[in-house]
Each structure stands twice: as structure tokens, then as C-alpha cells.
Engineer: 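Here's a structure for you.
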Amino acid sequence: KGPRRLVLVLTTTGRKTGLPRTTPLQFEQVDGDYYIGSARGTQADWYRNLLADPCVQVEAQGRHFSAYAEAVTDPERVADFLALRLKHRPVMIGLVMRLEGLPLRYRRADLVRFAGEKTLVILHPTPNPVESLKP
């Protein structure tokens with residue numbers, strides 16, 4: 001089966017230029033949707049672009065498809081996403097989050113407080129894929 005791929009490529013439309021902008025991002029797949037987080041919170045350019053136009057293109061797991069981007073800022077939901085990331089990749093994600101200020105031994109309240117500075121985007125694939133990258 002090989003290692004799970006960790007990164008997708010998100011293409012947004014530039015909010016100022018109208019040009020396509022691509023950004024590689026780590027993701028988690030949950031029930032057919034793709035969850036991505038912004039370490040820079042609401043200041044990330046890709047995040048601000050998708051707020052202006054939530055219709056995006058995604059390349060992930062050998063597929064290229066259109067998706068609708070749902071921005072989530074509720075700290076409880078973002079904390080759920082972070083907990084999932086920690087469960088799937090405890091060493092890598094744990095190290096990054098500790099470097100950003102999450103205590104080594106954290107409680108749910110610490111995770112929710114930490115999540116308050118982050119954002120989550122759920123990419124909902126549209127019913128018709130644009131094309132397959134692998135025939």
C-alpha cells in the first residue's frame with residue numbers, strides 16, 4: 001500500500017489578481033472531505049483567497065477535482081481537527097504544536113485555547129471530478 005500521502009495542492013483564485021494560486025498543504029481525509037489547517041490563521045494568503053472565492057481546485061491522492069471550501073474558525077471544531085492530526089502523526093504534529101506553544105502535557109482546554117489562533121478549512125469535493133491525474 002505504501003506510505004500515506006500527507007500533502008495536497010490547493011489552487012485558489014487570487015483575490016486581487018484573479019490568477020490561479022497554488023499552495024501545498026498537509027491534510028487529513030475525513031468521510032470523503034479533505035481537512036486542511038492554516039498555521040498562520042486568517043492571515044494566510046490561500047485562506048484569504050478562498051474566503052473571497054470558495055470554489056477551488058485540489059490535487060490529492062492522484063486525483064484532480066473541484067471542491068467547495070468551508071472555512072471553520074470555531075475553536076472546538078479546530079481543536080477536534082488538531083486532535084485528529086495528533087492521533088495520526090503524534091511525533092511530527094506534536095513537535096510542531098509544542099514549538100508553537102502547546103504544553104507537552106496538555107488538556108482539552110489547552111488544545112481549544114491553542115486552536116483559537118488557528119483556522120480549519122474543509123474541502124468538500126464537488127460531484128464531478130475535473131479529471132484524473134492518473135489514467
Side-chain angles (χ1 to χ4, degrees):
K1 195 174 178 182
R4 285 181 36 176
R5 295 184 187 195
L6 304 174
V7 177
L8 60 73
V9 177
L10 176 69
T11 302
T12 59
T13 301
R15 65 194 176 284
K16 295 177 184 174
T17 65
L19 298 173
R21 300 295 183 203
T22 58
T23 308
L25 297 161
Q26 290 187 8
F27 72 94
E28 294 290 340
Q29 191 170 8
V30 180
D31 298 327
D33 291 327
Y34 293 79
Y35 285 52
I36 55 178
S38 173
R40 293 189 56 219
T42 59
Q43 297 308 305
D45 283 331
W46 65 263
Y47 180 81
R48 293 165 70 187
N49 287 343
L50 66 78
L51 288 179
D53 182 356
C55 296
V56 299
Q57 297 295 311
V58 180
E59 291 181 39
Q61 300 172 316
R63 293 179 52 226
H64 180 198
F65 55 92
S66 298
Y68 177 81
E70 173 192 358
V72 177
T73 56
D74 174 50
E76 290 286 342
R77 289 182 69 193
V78 176
D80 291 342
F81 168 68
L82 295 174
L84 179 67
R85 303 254 26 233
L86 284 163
K87 178 181 175 186
H88 289 169
R89 294 171 187 82
V91 175
M92 179 179 72
I93 300 301
L95 177 61
V96 169
M97 290 172 65
R98 279 192 292 285
L99 289 172
E100 291 183 14
L102 187 69
L104 181 59
R105 296 188 185 274
Y106 64 90
R107 296 187 189 141
R108 174 69 184 187
D110 297 319
L111 195 57
V112 170
R113 194 168 27 260
F114 182 81
E117 300 172 9
K118 310 294 181 206
T119 57
L120 164 67
V121 172
I122 303 172
L123 301 173
H124 303 281
T126 56
N128 299 318
V130 174
E131 64 185 69
S132 174
L133 293 177
K134 295 182 183 176

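Keep in mind the model is a prediction, meaning the values are calculated, not measured. Position 1 is the first residue of the sequence, and the numbers go up from there.
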Engineer: Let me confirm one number: the NE2-OG1 distance from His64 to Thr11, rounded to the nearest 0.5 Å.
Structural biologist: 6.0 Å
Engineer: Ignoring hydrogens and angles, write down the donor-acceptor pairs under 3.5 Å from the side chains of residues 107-122, residues two or more places apart or on other chains.
Structural biologist:
| from | atom 1 | to | atom 2 | distance (Å) |
| --- | --- | --- | --- | --- |
| Arg108 | NH1 | Asp80 | OD1 | 3.0 |
| Arg108 | NH2 | Glu76 | O | 3.2 |
| Arg108 | NH2 | Glu76 | OE1 | 2.9 |
| Arg108 | NH2 | Asp80 | OD1 | 2.9 |
| Asp110 | OD1 | Arg113 | NH2 | 2.6 |
| Asp110 | OD2 | Arg107 | N | 2.9 |
| Lys118 | NZ | Glu100 | OE1 | 2.6 |

Engineer: Apply side-chain contact (heavy atoms from CB on, under 4.5 Å) to residues Met97 and Leu86 and explain how you reach the verdict.
Structural biologist: CA-CA 9 Å; Met97 290 172 65; Leu86 284 163; 3.8 Å; yes
Engineer: Might you point out which heavy atoms bring Ala67 and Leu123 nearest each other, and give the distance in Å?
Structural biologist: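 So the two residues come closest at CB-CB, 4.2 Å.
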Engineer: Identify the two heavy atoms, one from Gln43 and one from Arg48, that lie closest to each other, and give their separation to 0.1 Å.
Structural biologist: O-CD, 3.7 Å
Engineer: Grouping I, L, V, M, F, W and Y whenever their side-chain heavy atoms are under 4.5 Å apart, do Val56 and Tyr68 come out in a common cluster?
Structural biologist: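 Per the 4.5 Å side-chain linkage, Val56 and Tyr68 are not co-clustered.
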Engineer: Specify the closest pair of heavy atoms between Thr13 and Gly18, including all atoms of both residues, with the distance to one decimal.
Structural biologist: CG2-O, 3.6 Å
Engineer: Provide the closest heavy-atom pair for Ala44 versus Ser38 in the form atom of the first, atom of the second, distance.
Structural biologist: CB-OG, 3.4 Å
Engineer: Starting at OH of Tyr106, measure out to CG of Leu82 and round the result to the nearest 0.5 Å.
Structural biologist: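 So the gap between those two atoms works out to 9.0 Å.
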Engineer: Grouping I, L, V, M, F, W and Y whenever their side-chain heavy atoms are under 4.5 Å apart, do Leu95 and Leu6 come out in a common cluster?
Structural biologist: no
Engineer: Going by ring-ring contact (aromatic ring centres under 6.0 Å, His included), name the pairs with one or both residues in residues 33-53, residues two or more places apart or in two chains.
Structural biologist: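 Counting only pairs at least two positions apart or across chains, the ring-ring contact (aromatic ring centres under 6.0 Å, His included) contacts touching residues 33-53 are Phe27-Tyr34, Tyr34-Phe65.
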Engineer: Taking atom CG of Leu10 and atom CG of Leu25, what is their separation to the nearest 0.5 Å?
Structural biologist: 6.0 Å
Engineer: Please tell me whether Val96 and Leu84 are part of a single hydrophobic cluster in this structure, the criterion being side-chain heavy atoms less than 4.5 Å apart.
Structural biologist: no
Engineer: Find the distance between CG (Asp33) and CD (Glu70) and round it off to the nearest 0.5 Å.
Structural biologist: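 Between atom CG of Asp33 and atom CD of Glu70 there are 8.5 Å.
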Engineer: With Arg98, which residues qualify under salt bridge (charged side-chain N to carboxylate O under 4.0 Å, His left out), at least two apart?
Structural biologist: none
Engineer: Give a yes-or-no answer on whether the side chains of Gln26 and Arg85 include a donor-acceptor pair shorter than 3.5 Å.
Structural biologist: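 Side chains of Gln26 and Arg85: pair found under 3.5 Å.
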Engineer: Do Thr22 and Gln57 touch side chain to side chain, with heavy atoms closer than 4.5 Å?
Structural biologist: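 A side-chain contact under 4.5 Å is absent here.
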Engineer: Rounded to the nearest 0.5 Å, how far apart are CD1 of Ile36 and CD of Glu28?
Structural biologist: 12.0 Å
Engineer: Give a yes or no on whether the backbone of Ser66 and the side-chain of Thr126 come within a donor-acceptor separation of less than 3.5 Å.
Structural biologist: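 Yes: the side chain of Thr126 pairs with the backbone of Ser66.
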Engineer: Atom CG of Leu8 and atom OG1 of Thr23: how far apart are they, to the nearest 0.5 Å?
Structural biologist: 10.0 Å
